[in-house]
Amino acid sequence: MNEDRPGTYDYRGIEAKWQAAWQEADLYRARDDDPRPKYYVLEMLPYPSGDLHVGHAKNYTLGDSVARMMRMQGHNVIHPMGWDAFGLPAENAAMQRNIDPRAWTESNIANMRRQIRLMGTGYDWNREFATCDPAYYRWNQWIFLRLYERGLAYKREAPVNWCPFDQTVLANEQAEGGVCWRCGNAVERRNLSQWFFKITDYAERLLAGLDTLTGWPEQTRAMQRNWIGRSEGTTFAFAVDGHADASVGVFTTRVDTVFGVSYVVLAAEHPLVQTITTPEHREAVTAFTASLSSKSDLERTSLMEKAGVPTGAFALHPLTGARIPIWIANYVLAEYGTGAVMGVPGHDERDFVFAKQYGLPIVRVVVPTDSDLAPDAPLDEALTGDGTLVNSGAFDGMSSADARRAITDALHARGIGEGVVNFRLRDWLLSRQRYWGTPIPIVYCPTDGEVMVPDAQLPVILPPNLPITGQGSPLARDAAFYETTCPKCGGPARRETDTMDTFVDSSWYFIRYLDARNETLPFDGARVSPMMPVDQYIGGSEHAVLHLLYARFFTMVLADAGMLDLPGGEPFERLFHQGMVWRNGEKMSKSRGNVVGIDETVETYGIDAMRLFLLKLAPPEDSAEWTDEGIVGRVRFVNRVWRISEPYFPIAKIIALDTLPPCTTDAERDLVRAVHLALASGAEETATRRFHYNTTTARLDELVNALSKATAEPGEPSAALLYAVHALPVLLAPFAPHLADELWSRLGYTESVHLGRWIPADPAALAVAQITVVVQINGKVRGRVTTQPGTPQAEILALALADPNVTNHIGEKPIRKEIYIADKLLNLVVA
RNA sequence: GCGUGGGUGGCGGAAUUGGUAGACGCACUAGCUUGAGGUGCUAGCGCUCGCAAGGGCGUGCUGGUUCGAGUCCAGUCUCGCGCACCA
């Protein structure tokens, strides 16, 4: 019904037509031999969860606008898309619907691919892959083996969430509240032998690299610094009284307070707890430990009350020889530092609270320099600042900083301590006792032990159609999978049945895109190196730490292994976090029932209107509130553009847009100026990498308003008007790609506007004939003077004084001072 | 607590180096237009006093610097995000 009414844009037919044409022409294919400078723009690999909503569209269409803009500005744009296809939801779906995870995943991919294409995005689909494809995950296995060879993959015992009823390991989100999400039974912590990547070997480099990532948001860099958590301090050992072979190692950043130690605390899981606890305390210690072990990680760390019990054992202070009690407490973490701390109640808030609660002595050894508190006054709270040492033997009178060095040296001289750098960062636990992931390519042989699967035997194929019950690991029950022979001795052996964390998949996929069909290597370094790094990475800030840290780690390792030539080893030059789309004051999500789907939106309003609205709504990094009323404005805009352009289709002819048209009137000059203001805005937002195209859409509105007026004038169209009409599709191309190509072809151009050139903004076109100078009296606006640019100050003053409102405000008072900002403002200061 | 980013009309937001606060859009109001009202056109639209000209106030709050502050400085309130018994 739309297509017969003039003045109405048939978005359905036209948008579908152009998408088919682009696909037919393979318009967005990037080639290695393209002589133009490369620009690699990438949105984070999506998980194929099912349906997309307009929040996803905001992300993908932003990347698409950036890609189109850069392509029109002369770059060889690489803009790929693929699927993060392994992971838990597929197994859950398999259980709930009795469907194979692969079938579920593949149908989701098909739907999401359709929807992403439906947005009019220009991806190079020749590079597409899904991480669950053996052609991809075999290289996960290959890379794992290279890390193993370099000593960066290893196995050790580590605690997991374990459901004793389902006999399975649970992810943290499946064990919330300490109960199993499926059966409701209490979750236990259990030690299991697990695979780790030694990311801690790269802690210093990952930290130092952050300083070079000036194209990243500061908050993200701060979060990574925080996560890596580097701290400088001292480790030293307390001897245990009566246990000649035992000592308690502690780490502290405040060794200057060591003379204030009145007790020592171990984590409940500390290995010494079993050996040193005295018989009369054993029962209490065991009970306390048990009460903690039945708690989930979440509960343990959110416990508000500090609690602990004495072990009955005593440590000997290394500098004073004092006998001090050894406790265990819930506030000491086995996984951080040495799993034990020295208790200094006078100078640590936690220790202060703990000491008060259990009546342990509180001693002051550091006097803060900026306090008027008497040196021996009783404390209301711990003094945590630096100061001057007292009650510290030979170290009295030293500043905290000096004392830290001197005491560390003293401990070192006795062979019981040293200065160390400690990190909060832990090794990356990649083992998952699950089915839907990359099998870890290791075989266990009774004679040869842990053996790598040879490269020639990769991939270790994930067997299809295993029953998924939620109880235990399907692979561990499949004898056909785990029964194998040892690659070394040929004897019977057992395969590793753990699969890899899906973060492995997303830690190098951006390199694979550059050589996506390579069948002999994960990628060819000579081929991919010139295309790295990713110039612009776009994705949510929820990945600020894990994914973005793991990907940096992998890229550094691959570069170190000589597989990739990338100075600095940083994969992402610039990073942009897009904001989420909200509706009714809440984040858009299926569970809240406030999603606005892609299919319905495109059907009702059209793709280009949706894209323009998502751009206009807010700066892309901000979260934005979706409204159904708001998008109507963009539908109006699209239709106005169409109505304005339509009369010029019959008189189509090619215009050279990089030359300014001759203008005879101010109105014509203003129209051309509006074109170039919009061009300047688009180029500026792209060049600065701010991507605030919401302001560019405002310039486009102004241009269309001006065009609307100009086309209403009777008579032959001026050169300026024709120029503006022809420039409009170029301006729209990055944002409303279908409308742009339709206008462009109707106006007589044969090649797609997306292969054409952006028009550089011309300063001559931006110049103005008339300026308005604001006249202020004592900083308040009292008048305006309209004149030519470059008018001398004296003349401006004369014009200003001709304004009665200006003279009224001056009155009889003399002008004490004149401030003149050329062509902008004249401020007269009167007494 | 530590880190980090914000607070501007009824709403989303705009505003180079300090220099006309509120661009552009939504909503709203009035009018015009059409064969019937959803997607056309024109005008108005921060609050307030005023018939008007014009005035006063106004960017979370309190001070400060300046001829001039949304923008800079100090303090403070508040919201979002991240991490958190990190030794």
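Chain naming here is simple, since letters A, B, ... match the order of the sequence lines and numbering starts at 1 in each.
In this structure, the nucleotide among G19(B), U39(B), G82(B) sitting nearest to the side chain of N226(A) is G82(B). Checking A15(B), U39(B), A14(B) against the side-chain heavy atoms of N639(A) singles out U39(B) as nearest. For R424(A), taking side-chain heavy atoms from C-beta onward, the closest of the listed nucleotides G19(B), U20(B), C83(B) is C83(B). Set against G5(B), A15(B), G19(B), the side chain of Q219(A) has G5(B) as its closest nucleotide. Closest contact between the side chain of D701(A) and the listed nucleotides U20(B), C85(B), C24(B) involves C24(B).
Two residues are said to be in side-chain contact when any heavy atoms from C-beta on lie closer than 4.5 Å; Q224(A) and L206(A) fail this criterion.
With rounding to whole Å, L677(A) atom CG is found 13 Å from C24(B) atom P. At whole-Å resolution of the value, CD1 in I631(A) and P in C24(B) are 21 Å apart. If you take CG of D622(A) and P of C79(B), they are 19 Å apart, rounded to a whole angstrom. Distance CD (E685(A)) to C1' (A15(B)): 13 Å, rounded to an integer number of Å. Distance, K306(A) NZ to C85(B) C1': 5 Å, rounded to whole Å. When the P atom of C86(B) is taken as reference, atom CZ of R426(A) falls 13 Å away, rounded to whole Å. Protein atom CZ of F423(A) is 18 Å distant from nucleotide atom P of C86(B), rounded to whole Å. C11(B) atom P lies 13 Å from atom CD of E625(A), rounded to whole Å.
Under the 3.5 Å distance criterion, with hydrogens and angles disregarded, a donor-acceptor pair is assigned to the side chains of Q793(A) and E818(A). Counted by atom type alone, R640(A) and N705(A) present one or more donor-acceptor pairs between their side chains at under 3.5 Å. In summary, the side chains of Y693(A) and S681(A) do not present any donor paired with an acceptor at a separation below 3.5 Å, with no hydrogens or angles considered. If you check the side chains of N422(A) and Y336(A), you find a donor sitting under 3.5 Å from an acceptor. In summary, the side chains of T408(A) and T234(A) do present a donor paired with an acceptor at a separation below 3.5 Å, with no hydrogens or angles considered. Using modelled atom types, one finds a donor on one side chain and an acceptor on the other under 3.5 Å when comparing H577(A) with T220(A).
Pairing of G82(B), defined by two Watson-Crick or G-U wobble distances under 3.5 Å, is identified with C2(B). For A52(B), there is no paired nucleotide, since no Watson-Crick or G-U wobble pair has both relevant distances below 3.5 Å. Under the Watson-Crick or G-U wobble criterion, with both distances below 3.5 Å, G31(B) is paired with C41(B). Base pairing of A74(B) is made with U62(B), judged by Watson-Crick or G-U wobble geometry with both donor-acceptor distances under 3.5 Å.
For H809(A) and G55(B), the shortest distance from a side-chain N or O to OP1 or OP2 is below 4.0 Å. Between R225(A) and G3(B) there is no side-chain N or O to OP1 or OP2 distance below 4.0 Å. Distances shorter than 4.0 Å separate none of the side-chain N or O atoms of N705(A) from OP1 or OP2 on C24(B). Within the 4.0 Å cut-off from OP1 or OP2 of G12(B), not a single side-chain nitrogen or oxygen of R634(A) is found. Taking 4.0 angstrom as the limit, R350(A) places a side-chain polar atom (N or O) nearer than this to OP1 or OP2 of C86(B). Within the structure, every side-chain polar atom (N or O) of R221(A) is placed at least 4.0 Å from both OP1 and OP2 of U4(B). Residue K780(A) places none of its side-chain N or O atoms closer than 4.0 Å to OP1 or OP2 of A69(B).
Among the heavy atoms of the strands lying under 4.0 Å from R636(A) are primed sugar atoms or P, OP1, OP2 only; no base atom is included. Residue-level contact check: P217(A) touches neither bases nor backbone, having no heavy atom under 4.0 Å from any strand. Across all strands shown, N805(A) has heavy atoms under 4.0 Å from sugar-phosphate atoms exclusively, and none from any base. Within the 4.0 angstrom heavy-atom criterion, no nucleotide atom of any strand lies near G229(A). Residue V829(A) is in sugar-phosphate contact alone, with no base atom involved, counting any heavy-atom pair closer than 4.0 Å across all strands shown.
Look at the P atom in both A14(B) and U65(B): the space between them is 32 Å, to the nearest Å. If you take atom C1' in C77(B) and the same atom in C67(B), they sit 32 Å apart, rounded to whole Å. Distance check on atom P: C41(B) versus G56(B) gives 39 Å, rounded to whole Å. C47(B) and C83(B): their P atoms are spaced 43 Å apart (whole Å). The C1' atoms of G13(B) and G22(B) are separated by 10 Å, rounded to the nearest whole Å. G64(B) and G25(B): their C1' atoms are spaced 38 Å apart (whole Å). Rounded to whole Å, the separation between the C1' atoms of U78(B) and G55(B) comes to 34 Å.
Between S623(A) and K709(A), the residue anchored closer to the 5' end of RNA chain B is S623(A), taking for each the nucleotide with the nearest heavy atom. Ranked by how close their nearest RNA chain B nucleotide is to the 5' end, W582(A) and I821(A) are led by I821(A).
Not a single donor-acceptor contact under 3.5 angstrom links the side-chain atoms of R640(A) to the base of U39(B). You won't find any donor-acceptor pair under 3.5 Å spanning the side chain of K817(A) and the base of C67(B), going by distance alone. Contact of N827(A) with C67(B) (side chain to base): a donor-acceptor pair of N or O atoms is detected under 3.5 Å.
Glycosidic conformation of G55(B) is anti; the angle lies outside 90° of 0.
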For the pair S65(A) and L615(A), evaluate side chain to side chain contact (heavy atoms under 4.5 Å, CB included) and give the outcome as yes or no after the intermediate values. CA-CA 9 Å; S65(A) 293; L615(A) 284 177; 4.1 Å; yes
